[in-house]
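Start at 1 and go down the list; that is how both ligands and their atoms are numbered.
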Amino acid sequence: MKIDVISIFPEYLAPLQLSLLGKAQSAGLVDISVHDLRSFTHDNHNTVDDTPYGGGAGMVMLPQVWGEALDSVIADGSEIIILTPAGKTFNQKMAEELSDSSQLIFACGRYEGIDDRVRQHYSHSEYAARNIRVREVSIGDYVLGGGEVAAMVMIEAITRLIPGVLGNPDSLAEESHNSEGYLEYPNFTKPQEWRGISVPEILLSGNHAEIAKWRSQQADKRAKDNQ
Ligand code: SAM
C-alpha cells in the first residue's frame, strides 16, 4: 500500500518510521511518503492560507496549493482523505475498508481547514471514473489543532490490518471492535499473583471450552458496562 501524507509540518509525522510501521516499510508492505505543503507554493512567503470569504475568525487553506500537492501524488484508485472534525467518524469498519486500498492520501488541515472546493473538485465524475474517491474523515468528536495526529491514528489502525504487518496475525482474531459493539475480554500474564490480586482461576484450569465461555461472558460484561 502506498501512503502519502501532505502537511505544513512534515516533521510531525516522524513517528511513522517507528515500531510496526517502520518494520512494515522495511519489509516493503507499506510505502509512506510525507510531503511539505509549502513546497507547492510559488510566492516568497510560501503562503498556504488566506482570510475566509464571508468574514469570521481564522484563516482558510488555499485551494490552489492543495490542488498542486494532490495532483503530484494522485493515481488511479487513490483514496483522498481530508481530515476534518466535520467528517464521517473513523472506526474499525472504515479501517478494514481502507486497508484494501492501493493508495491513501491524507490531507492534513490547519487553521480553519481547507477551502471546500478541494473536496468538490476531486469529487467530480472524471475522478470517480478513475476510481479516485475523496472522503472527509474525523477521528472523533473533538477539535485538534491539525490533521497530522489524526492521519497517524488512521494509518496505524489501517496498516496493522494489512497481511504480514503484524508478527502474529492471530492477534487480529478476537480484537475489540471486530464486530459491532464487541470488546475484548481482560488479559492476564505472569506472575499468578500481583499486589494481592490473583489471575482468575479458570484461566489456570487448562479447560479450553470453559475458558472460552468465561472470556465471552467477560467481553459481554465489558460491552454492557461501557454503554
Ligand atoms: N474550523 C474547523 C471546524 O470547526 O470544523 C476546525 C479546524 S481544526 C482547528 C484544524 C484542522 O485540524 C482541521 O482542518 C483538521 O485537518 C484537523 N482536525 C481537527 N480535529 C480533527 C478531528 N477530530 N478529526 C480529524 N481531523 C481533525
- Query: If you round to the nearest 0.5 Å, how far is CZ of Arg222 from CG of Leu183?
  - Reply: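 One finds 7.0 Å between CG of Leu183 and CZ of Arg222.
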- Consider ligand 1: state whether an atom of it lies below 4.0 angstrom from any non-hydrogen atom of Tyr111.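 Tyr111 counts as a contact of ligand 1 under the 4.0 Å cut-off.
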- Message: Quick one, Asn91 with His177, criterion side-chain hydrogen bond (donor to acceptor under 3.5 Å, both in side chains). Give me CA distance, side-chain angles, the key distance, then yes/no.
- Response: CA-CA 8 Å; Asn91 59 16; His177 308 296; over 6 Å; no
- Query: Yes or no on side-chain hydrogen bond (donor to acceptor under 3.5 Å, both in side chains) for Asp116 and Gln120, after CA distance, side-chain angles and deciding distance?
  - Reply: CA-CA 6 Å; Asp116 189 56; Gln120 293 177 33; 2.9 Å; yes
- Query: Within a strict 4.5 Å, meaning less than it, do heavy atoms of the Ile81 and Met94 side chains meet?
  - Reply: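 Ile81 does not reach Met94 side chain to side chain.
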- So do Leu83 and Met154 actually touch side chain to side chain, heavy atoms under 4.5 Å?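 Yes, their side chains come closer than 4.5 Å.
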- Item | With Thr47, the side-chain hydrogen bond (donor to acceptor under 3.5 Å, both in side chains) member among Asp43, Asp49, Asn44, Asp50 |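 That would be Asp43; it is the only one of Asp43, Asp49, Asn44, Asp50 passing the side-chain hydrogen bond (donor to acceptor under 3.5 Å, both in side chains) with Thr47.
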- Determine whether the side chain, the backbone, both or neither of Val137 has a heavy atom under 4.0 Å from any heavy atom of ligand 1.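 The answer is the backbone of Val137.
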Note the single closest protein heavy atom to [atom], along with its residue, its atom name and the distance in Å.
| atom | answer |
| --- | --- |
| atom 15 (C) of ligand 1 | Leu83 O, 3.1 Å |
| atom 23 (N) of ligand 1 | Tyr142 O, 2.8 Å |
| atom 2 (C) of ligand 1 | Glu112 O, 3.8 Å |
| atom 20 (N) of ligand 1 | Leu144 N, 2.9 Å |
| atom 6 (C) of ligand 1 | Pro85 CG, 3.8 Å |
| atom 11 (C) of ligand 1 | Gly109 O, 3.5 Å |

- Is atom 4 (O) of ligand 1 less than 4.0 angstrom from at least one protein heavy atom?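 Flag for atom 4 (O) of ligand 1 set to false, no protein heavy atom closer than 4.0 Å.
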- Are any of the side-chain nitrogens in Asp36 or Arg38 under 4.0 Å away from the carboxylate oxygens of its partner?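 No salt bridge links Asp36 with Arg38.
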- Item | Min N/O separation Ile139 to ligand 1 under 3.5 Å |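 In this structure, Ile139 places an N or O atom under 3.5 Å from an N or O of ligand 1.
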- If you measure every N/O of Ala150 against every N/O of ligand 1, is any gap under 3.5 Å?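 Ala150 vs ligand 1: no N/O contact under 3.5 Å.
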- Message: Do Gln103 and Asp4 pair up side chain to side chain, a donor and an acceptor below 3.5 Å, judged on atom types alone?
- Response: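 Their side chains do contain a donor-acceptor pair, which is all the 3.5 Å distance test asks for.
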- Item | Close-contact set for ligand 1 against Gly147 heavy atoms, below 4.0 Å |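 The atoms of ligand 1 under 4.0 Å from a heavy atom of Gly147 are 12 (O), 16 (O), 17 (C).
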- Message: Please list, in number order, the atoms of ligand 1 under 4.0 Å from a heavy atom of Gly145.
- Response: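 Checking each atom against Gly145, I get 10 (C), 12 (O).
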- Evaluate the ring planes of Tyr122 and Tyr127, with Trp represented by its six-membered ring, and classify them as parallel (under 30°), tilted (30 to 60°) or perpendicular (over 60°).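 Rings of Tyr122 and Tyr127: tilted, 30 to 60°.
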- Query: Who gets closest to atom 26 (N) of ligand 1 by heavy atom: Ile82, Val153, Thr84?
  - Reply: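 Result: the heavy atom closest to atom 26 (N) of ligand 1 is in Thr84.
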